[in-house]
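Heads up: the structure comes next, in structure tokens.
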Amino acid sequence: MAGRVHLFYSSSVSHTISFLSPLYSATSRLRPICLRRTSPPAHMFCTCSTAADANPVPSGTPSSDPFVLTTPLYYVNAPPHMGSAYTTIAADAVARFQRLLGKKVIFITGTDEHGEKIATAAAASGSSPSDHCDAISQSYKALWNNLDIAYDRFIRTTDPQHEDIVREFYSRVLAKGDIYRADYEGLYCINCEEYKDEKELIKDNCCPIHLKPCVARKEDNYFFALSKYQKKLEEILRKNPEFVQPASRLNEVRGWVNSGLKDFSISRAAVDWGIPVPNDNKQTIYVWFDALLGYVSALSEGESQADLDTVVSNGWPASLHLIGKDILRFHAVYWPAMLLSAGLSLPKTVFGHGFLTKDGMKMGKSLGNTIEPDDLVKNFGSDAVRYFFLKEVELGSDGDYSEDRFINSVNAGLANTIGNLLNRTLGLLKKNCDSTLFVDSSVAAEGNPLKETVEDLVDKARDNYENLSLSAACDALLEVANAGNLYMNNRAPWTGFKIGGDSADAAAKDLVVILEIMRILAITLSPITPGLSLKMYMQLGFTEDQFYTTTWGESEWGGLKGGQVMGQPEPVFLRIDKKTGGEAPEVPKKNSPKKAVKKTDKAPQTQAAAQA
Ligand SMILES: Nc1ncnc2c1ncn2[C@@H]1O[C@H](COP(=O)(O)OP(=O)(O)OP(=O)(O)O)[C@@H](O)[C@H]1O
């Protein structure tokens, strides 16, 4: 889904209805309005309906329904960049957290492959659109693999089952009387694949986003009667404020809706590379009326027949659409209206996060001002990349990348505060206790207020995960590690071992306390840094299989047992040397989606893991 701007009707667009579907009649000339392009609390995971309460169509999600979450389907005009990776990493962390809670999760991502821009990009590279799409969608899959993304479904809008769903959806909306035909003339931005309002253009009729001149175009198109859904959308936004998150985005969406919704064009006459409009193969379906349906068609995977009733029974509606704020209007205005028209339930939450920027401009494929995530993974490992962007860029706000900030943050958090504490503690345990735990961690912590501190922080992290405050979840977990470091320094167990007797027993208990903290951290940090967490868990004497079957419930204090033998103290995360950068880690071969949730390969996953 490109950050395409949709323009309804502008003063620069001459628009007259030349043909009306027998099912819909418009009587007035459509008035000009243009759209500009530009982050759920605990309740979003409750099983009661939210947006669906205001939905006139049958809805409601029983508690056994899966947690379905989506990233945008990325537009294959160019390979992925750090911006595309940002949304996907955040979605992966949410998916992993929900799995830890024991939910059945369906994490959907994929690629948006139709439209003029794709045909042009293919021609420029001397390949057919279909070969081009195969190559670029593969580059997304490869990056997700390198970033440890455990998606469940990867939908391509050129998949046959998707095309079937789009046609069925279109037919439902047509039958509802919500599609009609009209003339359209105006200035067109090929990169946005949209007609633009002259008022929003900059010098020489250039698109303000892509900085390229728009071209005059005239065609007749099919339109979707968005205006019919004005009242319903107002009601949904009033009754279900959690439908759009964070609150600042909700206000934006309310502003758009309250200023009056105008119908929009859902076909293109001049674009061959698309799904033909049913009963009119001279037109193809507009990319957004096609791509948004990918969230639905992804649920038909594995079915011999792809139809809307099947996908509904397979988990629709989605619990969460995680998107960038550039495509909020499509997801929070057009999409719910389209779903209402087709008689489908609305997603529970649309979360529009902020932008990664470079020199103040949104990083994007069209502008080419991108950071290559593969380079970051190669230099620093996937855990470092995931940690930095989730901790340092609050979901919902914009954030700038700088290598210095990256290295400082990752070194301070993962290498010093967490990795070093585990390594020191295991080193002391090896030297003084033959790497064996002296007592159960529940016994070691009797009367120790640190246990309660940790429990409170873990609860805080859980709330933050649930609210999609991923950065705050990282902060709470770092506080847990800080509390462990402080305890180690205050208690100085090495002196107790030197003294011997009761003091040595107390020191041995202290080590158990700290290792229990590390166990809890390994579990609770695993949505953010799955590779590092696995490494930590295994050093604590657990197996890989045990790691992949842990639940959030197991983060309760008391998992370590007396007599348990710990692994060898080896650094789980090495400091990154500012001068040389990180050493290249082995890029793990992993992530067939399900396998990634319960991996069986043994490849090290972090810079440190590769070196350890
Ligand atoms: N700079 C960015 N910061 C955060 N997320 C981004 C950024 N760029 C893209 N994304 C993610 O990708 C989505 C847009 O996908 P798309 O494939 O259109 O990428 P794009 O680079 O924005 O494309 P283009 O530059 O051609 O408009 C956004 O909604 C967001 O989820």
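Note that these values count all heavy atoms, side chains included, but never hydrogens, waters or copies made by symmetry. Just follow the structure's listing: the first ligand is 1, and inside any ligand the first atom is 1.
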Less than 3.5 Å between some nitrogen or oxygen of Tyr140 and one of ligand 1, yes or no?
no
Measuring from the heavy atoms of Gly354, does anything fall under 4.0 Å of ligand 1?
yes
For Thr87, what residues pass the side-chain hydrogen bond (donor to acceptor under 3.5 Å, both in side chains) criterion, not counting sequence neighbours?
His353
List ligand 1 atoms under 4.0 Å from Lys117, heavy atoms only on the residue side.
26 (O)
Is the closest N or O pair between Tyr74 and ligand 1 shorter than 3.5 Å?
no
Show me which atoms of ligand 1 lie under 4.0 Å from any heavy atom of Lys362.
1 (N), 7 (C), 8 (N), 20 (P), 22 (O)
Can you say whether the rings of His321 and Trp335 are parallel (under 30°), tilted (30 to 60°) or perpendicular (over 60°)?
tilted
Please confirm whether Ile327 comes within less than 3.5 Å of ligand 1 when only nitrogen or oxygen atoms on both sides are compared.
no
Atoms of ligand 1, numbered as shown, that sit under 4.0 Å from any heavy atom of Thr87:
5 (N), 11 (C), 30 (C), 31 (O)
With Lys117 as the cation and Tyr75 as the aromatic partner, state whether NZ or CZ is under 6.0 Å from the six-membered ring centre and within 45° of the axis.
no
Angle between ring planes, Phe406 versus Phe388, binned at 30° and 60°: parallel, tilted or perpendicular?
tilted
Is the shortest N/O to N/O distance between Gly324 and ligand 1 below 3.5 Å?
yes
Between Lys348 and Asp65, does any side-chain N to carboxylate O distance fall below 4.0 Å?
no
Location of contacts on Met82 toward ligand 1, heavy atoms closer than 4.0 Å
neither
Under-4.0 Å salt bridge between Lys362 and Asp398:
no
Taking only non-hydrogen atoms of Gly364 and a 4.0 Å limit, the atoms of ligand 1 in range are 21 (O), 25 (O)
Distance under 4.0 Å to a non-hydrogen atom of His81: what atoms of ligand 1 satisfy this?
7 (C), 8 (N), 9 (C), 20 (P), 21 (O)
Show me which atoms of ligand 1 lie under 4.0 Å from any heavy atom of Met363.
1 (N), 2 (C), 7 (C), 8 (N)
Using salt bridge (Lys or Arg N to Asp or Glu O under 4.0 Å) as the criterion, list what pairs up with Glu163, not counting sequence neighbours.
none
Atom indices of ligand 1 within 4.0 angstrom of Asn77 heavy atoms, with elements:
26 (O)
Donor-acceptor contact below 3.5 Å, side chain Arg386 vs main chain Pro527:
yes
Test log, rule side-chain contact (heavy atoms from CB on, under 4.5 Å), inputs Ile275 and Thr157:
CA-CA 9 Å; Ile275 303 174; Thr157 59; over 6 Å; no
Please classify the Thr357 to ligand 1 contact at 4.0 Å (heavy-atom distances, strictly less than): side chain, backbone, both or neither.
neither
Partner of Tyr74 under side chain to side chain donor-acceptor pair (under 3.5 Å), picked from Thr88, Asp112, Thr111, is Thr88
Atom 28 (C) of ligand 1: of Asn369, Ile323, Asp326, Thr370, the nearest heavy atom sits on Asp326
Enumerate the atoms of ligand 1 whose separation from the nearest heavy atom of His353 is less than 4.0 angstrom.
4 (C), 5 (N), 31 (O)
